[in-house]
Amino acid sequence: MNEPIPVSRAVDQGTAKLMPDVDRERAWLLTVDGAPQSYVDLDEPTHLEFEYARRLGHVLDTLAEPGRALDVVHLGGGALTLPRYVAATRPGSRQDVVEADRALLDLVVEQLPLPAGAGIALHAADARAWLAGVPDGRADVLVADVFGGSRVPAHLTSLAYAREAERVLRADGVYLANLADAAPFAFLRSQLATFAAVFEELALIAEPAVLRGRRFGNAVLVASHRPVDIAALARRTAADVFPARVEHGAALRELTGDARPVRDEDAVPSPEPPDGAFGIG
């Protein structure tokens, strides 16, 4: 049997590389301009390698009874890791994936094809522009994992964007976002303030060292109009191979402090990670 070989291709937003994992037969790491974007195991789509992906998976697992199909919109495609996860854990789910980089989407579908009948529709479009054309109440869950290189684009951080996301969700829907920041958390605090202006319930999942300001890292934002099962989420994230903490309520309000919601005209991308923050290692 032939050994899998790396694939490198120019895409719309840089150079994408798919590198096989020597320890898992049909697993691949996707990078764009050297920044890790996704990891996917085609034989085991429920395996989530990246810490933030595991945390998003924990939230998805606790939003409804196991196996119940959900309507999910994913902003940001990568290697389609989470859509594959939802298709495997919640068969019959209807999913839309919006990816601005059409060439990247083509590469992933060609090299890492989706299983037949996965129920995943792919859209090559800007995330916010695509949302604007979606009817009200389309989704149970909206997952935002959009990075231009290694930064969240500015137009996906504002109050107007948060309201658009809320419109697309059903009344009991849940918004999830993969964010990245470091102390003093100017970006993260602005996002908490922005989404608190639209949703009553917020939670934040991150590694304790990140929350204590010791290093740059990812934080998963959970926003909804209904309470999510914080206790179940805290148990899962604390017991993970990469333990994390769930912040909510007073602790989250304290972290938000005097931060204000972000207007479109004031929006900025998330901060540039320090060298090596997301290195392949």
Side-chain angles (χ1 to χ4, degrees), residues 7 9 11-13 16 18 21 24 26-32 36-50 52-147 156 164-165 168-170 173-178 220:
V7 177
R9 187 178 299 176
V11 293
D12 299 342
Q13 296 181 12
L18 283 169
D21 185 337
R24 300 177 76 95
R26 297 181 70 225
W28 297 81
L29 172 71
L30 169 68
T31 68
V32 177
Q37 300 287 326
S38 299
Y39 178 102
V40 65
D41 186 333
L42 298 180
D43 289 333
E44 196 180 340
T46 57
H47 173 75
L48 300 176
E49 181 80 7
F50 289 177
Y52 83 84
R54 295 172 71 89
R55 288 161 196 160
L56 289 167
H58 291 319
V59 183
L60 289 164
D61 289 345
T62 58
L63 290 184
E65 57 271 21
R68 189 186 121 197
L70 296 172
D71 290 342
V72 186
V73 170
H74 302 264
L75 305 181
L80 309 176
T81 303
L82 277 175
R84 298 174 203 264
Y85 179 84
V86 172
T89 58
R90 298 183 176 278
S93 292
R94 183 182 69 171
Q95 301 189 78
D96 290 284
V97 179
V98 187
E99 170 58 57
D101 193 324
R102 180 183 294 273
L104 177 62
L105 205 53
D106 290 344
L107 171 66
V108 168
V109 171
E110 172 195 309
Q111 298 290 326
L112 311 174
L114 290 166
I120 300 170
L122 305 177
H123 312 274
D126 173 79
R128 186 161 163 184
W130 187 87
L131 279 183
V134 174
D136 295 2
R138 163 76 167 260
D140 297 306
V141 187
L142 196 162
V143 182
D145 185 16
V146 184
F147 281 77
L156 302 182
E164 191 79 329
V168 170
L169 286 166
R170 297 188 175 121
V174 179
Y175 176 85
L176 306 177
N178 177 30
V220 168

Find the distance between [atom1] ([X]) and [atom2] ([Y]) and round it off to the nearest 0.5 Å.
X	Y	atom1	atom2	answer
Asp140	Leu142	CG	CG	11.0 Å
Ile120	Asp96	CD1	CG	10.0 Å
Gln13	Arg102	CD	CZ	13.0 Å
His58	Leu176	NE2	CG	13.0 Å
Asp41	Thr46	CG	OG1	8.5 Å

Ignoring hydrogens and angles, tell me if any N or O in the side chain of [X] forms a donor-acceptor pair with the backbone of [Y] under 3.5 Å.
X	Y	answer
Arg128	Leu156	no
Glu99	Asp101	yes
Ser38	Ala79	yes
Arg90	Arg68	yes

Margin query: Under the rule for salt bridge (charged side-chain N to carboxylate O under 4.0 Å, His left out), what residues qualify as partners of Arg84, not counting sequence neighbours?
Written below: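 Arg84: no salt bridge (charged side-chain N to carboxylate O under 4.0 Å, His left out) contacts found.
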Item checked: Intermediate values then yes/no, side-chain contact (heavy atoms from CB on, under 4.5 Å), Arg138 and Asp71 -> CA-CA 8 Å; Arg138 163 76 167 260; Asp71 290 342; over 6 Å; no
What heavy-atom pair brings [X] and [Y] nearest, and what distance separates the two atoms?
X	Y	answer
Gln95	Ala87	NE2-N, 3.5 Å
Tyr39	Ala27	OH-CB, 3.2 Å
Pro91	Ala69	O-CB, 3.7 Å
Val97	Gly77	CG1-CA, 3.6 Å

Do the non-hydrogen side-chain atoms of [X] and [Y] ever get within less than 4.5 Å of each other?
X	Y	answer
Leu75	Leu131	yes
Leu70	Val86	no
Leu104	Gln37	no
Leu29	Asp21	no
Leu122	Leu80	yes
Val59	Val141	no
Asp145	Tyr52	yes
Leu82	Leu60	yes

Note to self: Below 30° counts as parallel, above 60° as perpendicular, anything between as tilted: where do the rings of His123 and Trp130 land?
What the structure shows: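 Plane angle between 30° and 60°, so tilted.
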Notebook entry, point to check: Is the shortest side-chain N to carboxylate O distance from Arg24 to Glu49 below 4.0 Å?
Noted result: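 Answer for the salt bridge query: no.
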Note to self: side-chain contact (heavy atoms from CB on, under 4.5 Å), that's the test. Do Trp28 and Val108 meet it? Break it down for me.
What the structure shows: CA-CA 10 Å; Trp28 297 81; Val108 168; over 6 Å; no
